[in-house]
Each structure stands twice: as structure tokens, then as C-alpha cells.
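Step one of this worksheet: look at the structure below.
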Amino acid sequence: MNLEISIAGIKLRHPLMNASGILGYAREHILKLIRYGVAAIVTKTITPKPKRGYDPPILIELPNGGLINAVGLENPGKEAIPELVNEAKRHYMPILVSIGGVNEQEFIEVASVANDAGADAIEINLSCPHTKGYGIEIGTDPHNVYNVVKSVASVVSIPIIAKLGLSDKVVEAAGKAIEAGAKALTLINTIKSLYIDVYTLKPVLTNIFGGLSGPPIHPIAVRVVYEVYKEFQPEIIGCGGISSWIDAAEFIIAGARALQIGTALRGGSQNVIVSILEGLRNWMLIHGFRDIREAIGISVRG
Amino acid sequence: MNYMVGKYSVRPAKVVSNIEIAKDIYILELEPLHLHEIPQPFNFFMIWVPRVDEIPLCIADFDGRKLKFLYKIRGDGTKALAKHYKDMMVGIKGPLGKGVNIRPTLNSKWLVIAGGIGIAPIPYLIKTWKNYGINIDLLWGVKTMDEIFNIYNFFPSSVGSKIILATEDCRYKNGYCGTVVDALRCIDVKEYNGIIAIGPNSMLKIICLELYELNPYIALETMVKCGMGICGSCYIKASDKLLCTDGPVFSCSEVIEHLRSSNINY
Ligand SMILES: Cc1cc2nc3c(=O)[nH]c(=O)nc-3n(C[C@H](O)[C@H](O)[C@H](O)COP(=O)(O)OP(=O)(O)OC[C@H]3O[C@@H](n4cnc5c(N)ncnc54)[C@H](O)[C@@H]3O)c2cc1C
Ligand SMILES: Cc1cc2nc3c(=O)[nH]c(=O)nc-3n(C[C@H](O)[C@H](O)[C@H](O)COP(=O)(O)O)c2cc1C
Ligand code: FES
């Protein structure tokens, strides 16, 4: 059974990678992610200058099994990119550098460093829901999406992946990203949300608002992947709430070629990726798929 | 009340007491409305001080229902925590970390070296290991005598453990005069089956370097922001380890590069 896949021209030994923001901004983090068994590393979103991020509480598990976070895009800035890329390369791991910024110029600045450092691809974060100016304000407007992707595409030679968040115009924004030169799309980011503690009667996160991830957003992400696939059949990385092989398989038949896992990696469990892959293999066997590519988007075409 | 939430949720806990027992050192007793699991020695909790901070603290004692913590005032978060009185609510996330994660042999004899507020997790370690028949001698060093409190009084299950004190201001007459490391040099460490040290990084670094061939265990402190292995802030330099999911106790050989490269002094 073949689980190998290529996304934006990058060969992966299987479809699973970490989602941006799960470790991914220090050399040591790369080692940890490799231990988890990912087929590619995605860095934390990197901005031109280092960002300190918010004070704790920054990340809380919810009674419904989701997570809410407002980390505040803490990252070491673009100077750290070469070290991250080198560490991944030392282990023969493909690495996607996630980039963020408040305007086109900032995106270009970080993208050029990633390009020169020899990253395999750039993932443009157009969708962070809780750090003012960095993301969802850009990502919800299809014209902005077009402009950012286009301007980054004009300065780099490595493939670009656009990461979009939930919005009313997400299908249109996806179309614009492809038109502007994105080789693939990552769908979706966290969803703006709020958690208030009923005992102390206060919002828990320091930033008050945060991004929702984990199982509660999975059906929403599957819907977005399905709709975008139906409209454009682009290369899609499905992301949002994967915790078992079933969630992963559902994304694939909705149109995803590759997958990212965030919340399910909490707690440092070493076997999340392994058990999802195992489940996918068994599932392929049941359906007689010899190659995972046979399953991509099958529910949309069917 | 049925409160079905995971270990990384914020769970309500009521302050039972919160008193200063030595200079800037407090003992906090909390009664959680629901406990996720029985904590192990060196597990820690994130204590949420609503709208102020979330602070990692090691478990100092547990009686099956109530959790005790020992903490020292450092900045705004601990200051705000000290202003929480009986019946006020805070939030707790945990137990976090792997805890001690050491399997000592029955009836063995261990030396625990604590610097300053590094004493926090030791009473619960002594209590828990006592049940396995493990005998702990404690070497506790502080800067000034007014940081000392009577461990036997506040944690009666420590009675039976030998406690050796060292003060840097030399005002405590029944102990060593000097740092905990000075005192350690007067002790025959080979007499022990194992060693655990906890305290400032500068102290741990010296202990790891001096006793390297014995490969002692040490409990580290790094910046803990999420406690669940996602944010990455607690990573141990030059390793693939995260303090919040793999620690806080490591063997010196696992963290020596981290200690060498850090010049943090607190
Ligand atoms: C696993 C672990 C267990 C700990 N157990 C205890 C304990 O039992 N008793 C005790 O008194 N202290 C303990 N600490 C240290 C304690 O968490 C800090 O003293 C506290 O967070 C300081 O907060 P503050 O707002 O008062 O000070 P701040 O002014 O915020 O910071 C003062 C200093 O405290 C440290 N610090 C601040 N925030 C954190 C953080 N989130 N994680 C780690 N260090 C931080 C930094 O060195 C900082 O310079 C522990 C730390 C860790 C990592
Ligand atoms: C703590 C945390 C930090 C995140 N940081 C980023 C980030 O820097 N950039 C980004 O594009 N997405 C970030 N995300 C979103 C994830 O990449 C992912 O899109 C989202 O969590 C949904 O996947 P999941 O349900 O598997 O976690 C973050 C998510 C979490 C939980
Ligand atoms: S504190 Fe966030 S990964 Fe350890």
C-alpha cells in the first residue's frame, strides 16, 4: 500500500505533518517533531522581528475536548529560519516555513529569508484569528489574499502554500490564492472563540479571545475542504481536529492530499502519528485502495 | 458534581489557607472541586490567578483531597497569589509533567539537595518514597536564616528524615556556614544509592559537573507557558526534551549541555 504523496512538488513518505504553531521555532523543537514521526516539518509562523507573545494563560483545554489558544505569534523572527532549515535538512526532513506579517512587505521579507535558506516551501499564514493585524483581517478579503500571495510569489522560487481560515468568502479566497500562484492550500486555521470560567466568572486567556482547535472544528474544516475541492480541485492540506485515522480519512475523501495535526500532539504522545498511519493502511485495505491518491476527493466526485 | 474535563483544562479550586511561613515564602492549601488524577512527586500544576497570571508550582503535599504548594514571592503573579484568602477561587491545570519517573530500589538511601525554594516538592517526595521504604537525607541550603521554616512541623511525614541545613549568612548555628555546594563537599555522597538535586540553575550546574560520574538526577526550571507540549517555551537546550512533558526531573547527562549554555542565575 502506498502512502507516499507529493504536495506542492514536495515528496512526502506519508501525508502527515505537524500544524504550524506546534513547537517549530527552535532547533530542539525540530528534533521533537521528528520523534513524533511526521513526514515534514512545518515551522511556527515566523514574522520579520522576534515577537514575545502573550503571558499565560495562553492555551487551555475546553470541557468539549477542543483547545483555545492565544499565544500571540511568539517567535524568534526571521534570523532563526536558516538554523531551522539546516536542522531539518540534517535529518533529511522536508521543511515548510510558515510566514506572517502585517503587510505585503513583511511577508516578502520573511519569505526571501526562507527561500534563500533552502526551505522546501513557504506556508503563508493568512488566518491567525487572535493577533491583531496578523492574519484573519488579511485572509477574509479575497483581494488581499491575492495581493499577498502574488507579491510573495514574485520574489521566491520555492513553492507557496496559502493557509486560509474560516470566513464566508473562504471558497473565493481559495480561488484567488491559486490564481495568484499558490501551489497548494492549507485549510483551515483556528476559529476565533472565547472561554469564560463559570467559577471565577472571568475569561481565562490573558488575551481574552483565542483560536479554537481540535475535534470541535473538524466538521467545519471538512466542509471547507470539500467545497474548495469541488470548486477548483487544487492540492489541499487538510487541517483541523484530526485525532484519529477516521478524521484523517474523512479529510482525504473530501479532497485533501496531505494533512496537518496540531491539537492531537498535546501531551507529548509519541504514537499519535503512528496510529493514524496504521488506521489509514487498514482502511485502504478495506476499500482496496493500493495508493492513497485513489481516495483523494472520492466523496466529492462520487 | 460531575465535571468531565481533561487534564489540561482549568479546574476550579478553593483556597483553604495561604500563609507566610518564612520570609516571602508561603504555603498554599487548595481544595480542588475535581481532581484529574493522583499527583506524583515533582508533578506540577499551573495555578491560574484569574486575570493576573498562570504560574507553575510543584506539588508539595497531597492528602487524597487537598493539594499543598510552597512558593516564594518573585514577581506580580506570586504577589497576586499571596493575596488570595480562604474561600477564594483559583484555577488549576494538571498534574503536569512526568514527575520523578525514577524507580528506586526498595530500602535504598537517597540524598536530596535543595537550594532555596527548591525545597517545594521535597515533602511530598519524602512522604511518597517512605511508603516504598526509601530513606531520604535532605541537604537544604538557603541564603539567609529567615528563609528557613520547620519542615517537620508543616509536613509531619518528613519526621524520620535527616535534615542538614546550610545558610549563606551563617546565622543558623546548627548547620553549615556557606552554600549548599560547600556543604555538599563535606558529605560522603558515595554512601547514597541515588542523588536528586533541585534549585537554581547555577547550583545544578555545579552539582552536575562535580558529581558527573554518579549521574545525579536534577529537577530543572525553564519557562513553562502551556504545560502541554505545544508552545515550545520550556524546551531543554541541545536535546529533544520538553520540560513540561518529559520533566521536570532529568539525569545530569540528559541536560548537561542545557546547563552549560544557560547563564541564568536565579
Ligand atoms: C515546573 C516548575 C515548577 C515550579 N515550582 C515552584 C514551586 O513549587 N514553588 C515556587 O516558589 N516556584 C516554583 N517555580 C517557579 C515559579 O513558577 C515562578 O517563581 C513564578 O512563575 C514567578 O511568577 P511571578 O509572576 O511571581 O514572577 P515574574 O515577575 O513573572 O517572574 C520572575 C521570574 O520567575 C520565573 N518565571 C516567571 N514565569 C515563569 C513561568 N511561567 N515558568 C517558569 N518560570 C517563570 C522567571 O525566571 C522570571 O524571571 C516552578 C517553576 C517551574 C517551571
Ligand atoms: C497553540 C497553537 C498555536 C498555533 N499557532 C499557529 C501559527 O503560528 N500559525 C498558523 O498558521 N497556525 C497556528 N495554529 C493553528 C494550527 O496550525 C491549526 O491550523 C489548528 O490548530 C487546527 O488544527 P488542529 O485542530 O489539529 O489543532 C496554532 C494552533 C495552536 C493550538
Ligand atoms: S510549556 Fe509549552 S511546551 Fe512546555
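These numbers come from the heavy atoms of this one structure, side chains and all, not from hydrogens, waters or symmetry mates. Order of the sequence lines sets the chain letters (A, B, ...), proteins ahead of strands, with each chain counted from 1.
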Next on the checklist: When you compare the side chain of A/Y25 with that of B/S233, does any pair of heavy atoms fall below 4.5 Å?
Outcome noted: yes

Checklist entry - Does some side-chain heavy atom of A/T200 sit less than 4.5 Å from a side-chain heavy atom of B/P12? => result no

Item to check | Heavy-atom neighbours of A/R13 CZ exceed 12 at 6.0 Å | outcome: yes

Checklist outcome for this item: Checked A/L265, A/L205, A/T263, A/N18 vs chain B; the most non-hydrogen pairs under 4.5 Å come from A/L205

Next on the checklist: Given heavy-atom pairs under 4.5 angstrom as the criterion, report whether the side chain, backbone, both or neither of B/I236 touches chain A.
Outcome noted: backbone

Next on the checklist: Would you say that A/L59 contacts B/I230 through its side chain, given a criterion of any heavy-atom pair below 4.5 Å between the two side chains?
Outcome noted: yes

Item to check | Distance in Å, A/I58 CD1 paired with B/E54 CD, rounded so as to fall on 0.5 Å steps | outcome: 8.5 Å

Checklist entry - Rounded to the nearest 0.5 Å, how far apart are CD1 of A/I34 and CG of B/D240? => result 9.5 Å

Item to check | chain B contact via A/L67 - side chain, backbone, both or neither, heavy atoms under 4.5 Å | outcome: side chain

Item to check | side-chain contact (heavy atoms from CB on, under 4.5 Å), paired with B/Y235, selected from A/R27, A/E28, A/K32 | outcome: A/E28

Next on the checklist: Measuring from atom OH of A/Y195 to atom OG of B/S9, what distance do you get when rounded to the nearest 0.5 angstrom?
Outcome noted: 6.0 Å

Checklist entry - Any idea which of A/I22, A/L31, A/L23 has the most non-hydrogen atom pairs under 4.5 angstrom with chain B? => result A/L23

Checklist entry - Which of residues 245-254 of chain B have a heavy atom under 4.5 Å from any heavy atom of chain A? => result B/T245, B/D246

Next on the checklist: Just so I understand: if I count every heavy-atom pair under 4.5 Å between each of B/S239, B/G227, B/G229 and chain A, which residue has the most?
Outcome noted: B/S239

Item to check | Part of A/R266 within contact of chain B (heavy atom distance under 4.5 Å) | outcome: both

Checklist outcome for this item: In this structure, OH of A/Y199 is separated from CZ of B/R11 (nearest 0.5 Å) by 11.5 Å

Checklist entry - Under the 3.5 angstrom rule, does the side chain of B/R51 hit a backbone N or O of A/P203 as a donor-acceptor pair? => result yes

Next on the checklist: Closer than 4.0 angstrom, basic N to acidic O: yes or no for B/K93 and A/E61?
Outcome noted: no

Checklist entry - Which residues pass the salt bridge (charged side-chain N to carboxylate O under 4.0 Å, His left out) test with A/E79, sequence neighbours left out? => result none

Item to check | Residue pair B/Y8 / A/I60, side-chain heavy-atom distance below 4.5 Å | outcome: no

